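Inspection log for the structure reproduced underneath, given as C-alpha cells.
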Amino acid sequence: MTPLLRLDHISKSFGPTAAVHDLSLDLHAGEILALIGPSGCGKTTTLRLIAGFEVPGSGQILRAGQPITALPPERRGIGIVFQDYALFPHLSVAQNILFGAPDADLAALCALVGLTGLEQRFPDQLSGGQQQRVALARTLAVKPDIILLDEPFSNLDASLRQRARAEMRRLLKETGCAILLVTHDQEEALGFADRVAVMQAGRLHQIDTARAVYDHPISAIAARALGPVMLIDGIADGDACATPLGPCRLASPAQGPVTLALRPHHILPDPNGTPARLITSTFAGGQCHHSLQVADIDLQMTLSAAYPLPDPLFIALDQMHRFSPLSPDQYQGN
C-alpha cells in the first residue's frame, strides 16, 4: 500500500549545522506517528519541512506517491495544529473555524469536536482545552488527509492533558487522517501514538510501535527517550543472561557481555532474589517510587502503593519480560 506521506532521504542544514540528516519514513492513513527526542534533535524542523515552511536541501517529500517538495504550504493538503493554537483573538469560534474554509459545515464540525453552543464566543472566553478543539476544527474544516500536531498539549494544565489527549486521539482516529505528532513528552508519545520515531542529532534512531520501542529499545538513546531507564551489564548465554540482579531472559539469543535497559517496573521484590538496600520511597498516588541500591548500582523500582515492602528487601528481575541487549555500536558513549 502506498503511504499517504513519505519522506525519502530528506536532509536540511542551517549553515554548518545539519538539522535533519538523510531521514526516511512512511506514514499511512489512519495512523498516528509521534516524533520524539531532545530539544535540537530535528523533530520540529522535520514538521516544518513536511508543512512546507522549510525547503529540504536534498531528498523528496511525497503525498500519496506524488512529489510535493516544491509545492507551497497551501497546496499540500496538509493541516497543522500549532503549539499555541494560533487563534485570531478578534474572531469568534465560528469565524476562526471557517477562516480558511468559509463553505465548511460549521454545525457538523462543532458537533464533532464538542463545541456546539460556543460558536459565538471569543478565544479569551474559552478554556485551554476548548481553544485546542477550535484549532482542531479549523484544521479539519479544510478536509486535509494529513494533520501535523506541534506539541498540541503543552499549554494545557497537567490535570487536563490526559483527558485532552484521549479526546483528541478519538476524534482524529474517527477522521481516518494520517497524523504526525511532534512531542518531547514521553507519556504523550506512548499514550497517543501508534508508532514512535526516536530522533537524535537529526537522524532517525529507532521507529516501531510505541510498545516495541519502550520494551525493546535498540540503544540507550532510544531507551531514555521513552521514560526512566537503568543500564546494567550482564553475561549472555543463549536466551539466558546473568546480571548483578540475578538471571533474566533475553528476547533473542546472545553470547558474552551485553548491556540491558531496565524499566522501574522490571524490578520486583523476591525473597529468593538479591539483597537490596532501600534509600528512599516517594508516594505518587496509586504507586510508590522506590530508590534502591545493590552493591554500587543505583536502581529505581515502581510498585503499587498498596504493596508493603518487605524488610529485609530482596529483589529480582521480572522473569515474564524478555530483555533485548542494546546494540554495542549504539551504546558506545551514550
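Being a predicted model, the structure only gives us computed values, none of them experimental.
Taking a 4.5 Å side-chain heavy-atom cut-off between Ile, Leu, Val, Met, Phe, Trp and Tyr, the cluster of Ile315 extends to Met230, Ile232, Leu245, Leu250, Val258, Leu260, Leu262, Ile267, Leu268, Leu278, Leu292, Val294, Ile297, Leu299, Met301, Leu303, Tyr307, Leu309, Leu313, Leu317, Phe323. Here Val142 sits alone; no ILVMFWY side chain lies under 4.5 Å from its own, so it joins no hydrophobic cluster. Clustering of Ile, Leu, Val, Met, Phe, Trp and Tyr by side-chain heavy atoms under 4.5 Å joins Phe88 with Leu91, Phe99. Other members of a hydrophobic cluster containing Phe122 are absent, since no ILVMFWY side chain comes under 4.5 Å of it, directly or through relayed contacts.
When atom types are taken as modelled, the side chain of Arg263 and the backbone of Tyr214 share a donor-acceptor pair closer than 3.5 angstrom. Thr139 places a side-chain N or O within donor-acceptor distance of the main-chain N or O of Ala135, the cut-off being under 3.5 Å. Judged by distance alone, with hydrogens and angles left aside, the side-chain atoms of Ser127 form a donor-acceptor pair with the main-chain N or O of Gln130 at under 3.5 Å. Arg76 contributes a side-chain N or O that, together with a main-chain N or O of Thr69, makes up a donor-acceptor pair within less than 3.5 Å. Side-chain atoms of Gln95 come within 3.5 Å of backbone atoms of Ser92 as a donor-acceptor pair (strictly under, hydrogens ignored).
Residues Cys110 and Ile97 form a side-chain contact, since some pair of their non-hydrogen atoms from C-beta on lies under 4.5 Å apart. With contacts defined as side-chain heavy-atom distances shorter than 4.5 Å, the pair His21/Ile10 does not qualify. Counting heavy atoms from C-beta on, the side chains of Thr274 and Pro244 never come closer than 4.5 Å. Looking at heavy atoms from C-beta onward, Ile61 lies out of side-chain contact with Leu71 at the 4.5 angstrom threshold. Contact check for Cys241 versus Ile235: no side-chain heavy atoms found under the 4.5 Å cut-off. Proximity of Leu49 to Val20: side-chain heavy atoms (C-beta onward) are separated by under 4.5 Å at one or more points.
Pairing each heavy atom of His216 with each of Gln206, the nearest pair is O-NE2, 3.3 Å. Residues Glu174 and Leu112 approach most closely at OE1-CD1, 3.7 Å, considering heavy atoms. Across every non-hydrogen atom of Asp270 and Asn272, the tightest pair is OD1-N, 2.8 Å. In this structure, Leu109 and Ala104 approach most closely via the heavy-atom pair CD1-CB, 3.9 Å. What you find for Leu87 and Val134 is that their closest heavy atoms are CD2-CG1, 3.7 Å.
Ion pairing between Glu187 and Arg165 holds under the 4.0 Å rule for side-chain N and carboxylate O. A salt bridge is defined here as a Lys NZ or Arg NE, NH1 or NH2 lying under 4.0 Å from an Asp or Glu carboxylate O, and Glu167 with Arg133 meets this definition. Under 4.0 Å is where a charged nitrogen must lie from a carboxylate oxygen, and between Asp194 and Lys173 at least one such pair does.
Listed by first and then second residue, the salt bridge (charged side-chain N to carboxylate O under 4.0 Å, His left out) pairs that reach into residues 23-42 are Arg6-Asp26, Glu31-Arg195, sequence neighbours excluded. Within the structure, side chain to side chain donor-acceptor pair (under 3.5 Å) pairs that include any residue of residues 294-306 comprise His289-Thr302, Ser291-Gln300, Gln293-Asp298 (at least two apart or interchain). A ring pair (Phe, Tyr, Trp, His ring centres under 6.0 Å) check over residues 241-260, counting only residues at least two apart or in different chains, returns nothing. Annotation: ring pair (Phe, Tyr, Trp, His ring centres under 6.0 Å) contacts involving residues 219-255, sequence neighbours excluded, are absent. Residue pairs that meet the ring pair (Phe, Tyr, Trp, His ring centres under 6.0 Å) test with at least one member in residues 32-62, sequence neighbours left out, do not exist here. Residue pairs meeting the salt bridge (charged side-chain N to carboxylate O under 4.0 Å, His left out) criterion with at least one partner in residues 55-70, sequence neighbours excluded, are Arg63-Asp145. Pairs passing the side chain to side chain donor-acceptor pair (under 3.5 Å) check and including a residue from residues 45-54, sequence neighbours excluded, read Arg48-Glu54. The ring pair (Phe, Tyr, Trp, His ring centres under 6.0 Å) analysis of residues 128-166, with sequence neighbours excluded, yields the pairs Phe153-Phe192.
Checked by atom type, the side-chain pair His9/Asp22 shows a donor-acceptor distance below 3.5 Å. Using a 3.5 Å distance cut-off with no hydrogens or angles, the side chains of His205 and Ser219 do pair a donor with an acceptor.
There is a path of hydrophobic side-chain contacts, each under 4.5 Å, that joins Leu98 to Val113. Follow the hydrophobic side-chain contacts under 4.5 Å out from Ile146 and you reach Leu47 in the same cluster.
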Leu136 vs Leu172, side chain to side chain contact (heavy atoms under 4.5 Å, CB included): CA-CA, chis, key distance, verdict:
CA-CA 9 Å; Leu136 178 59; Leu172 291 172; 3.7 Å; yes
Could you check Asp208 against Val196 for side chain to side chain contact (heavy atoms under 4.5 Å, CB included), going step by step and ending with a plain yes or no?
CA-CA 6 Å; Asp208 209 327; Val196 171; over 6 Å; no
Dump the intermediate steps for side chain to side chain contact (heavy atoms under 4.5 Å, CB included) on Leu180 and Ile50, then the final yes or no.
CA-CA 10 Å; Leu180 184 77; Ile50 296 169; 3.3 Å; yes
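At most 12 heavy atoms of other shown residues, nucleotides or ligands fall within 6.0 angstrom of atom CZ in Arg277.
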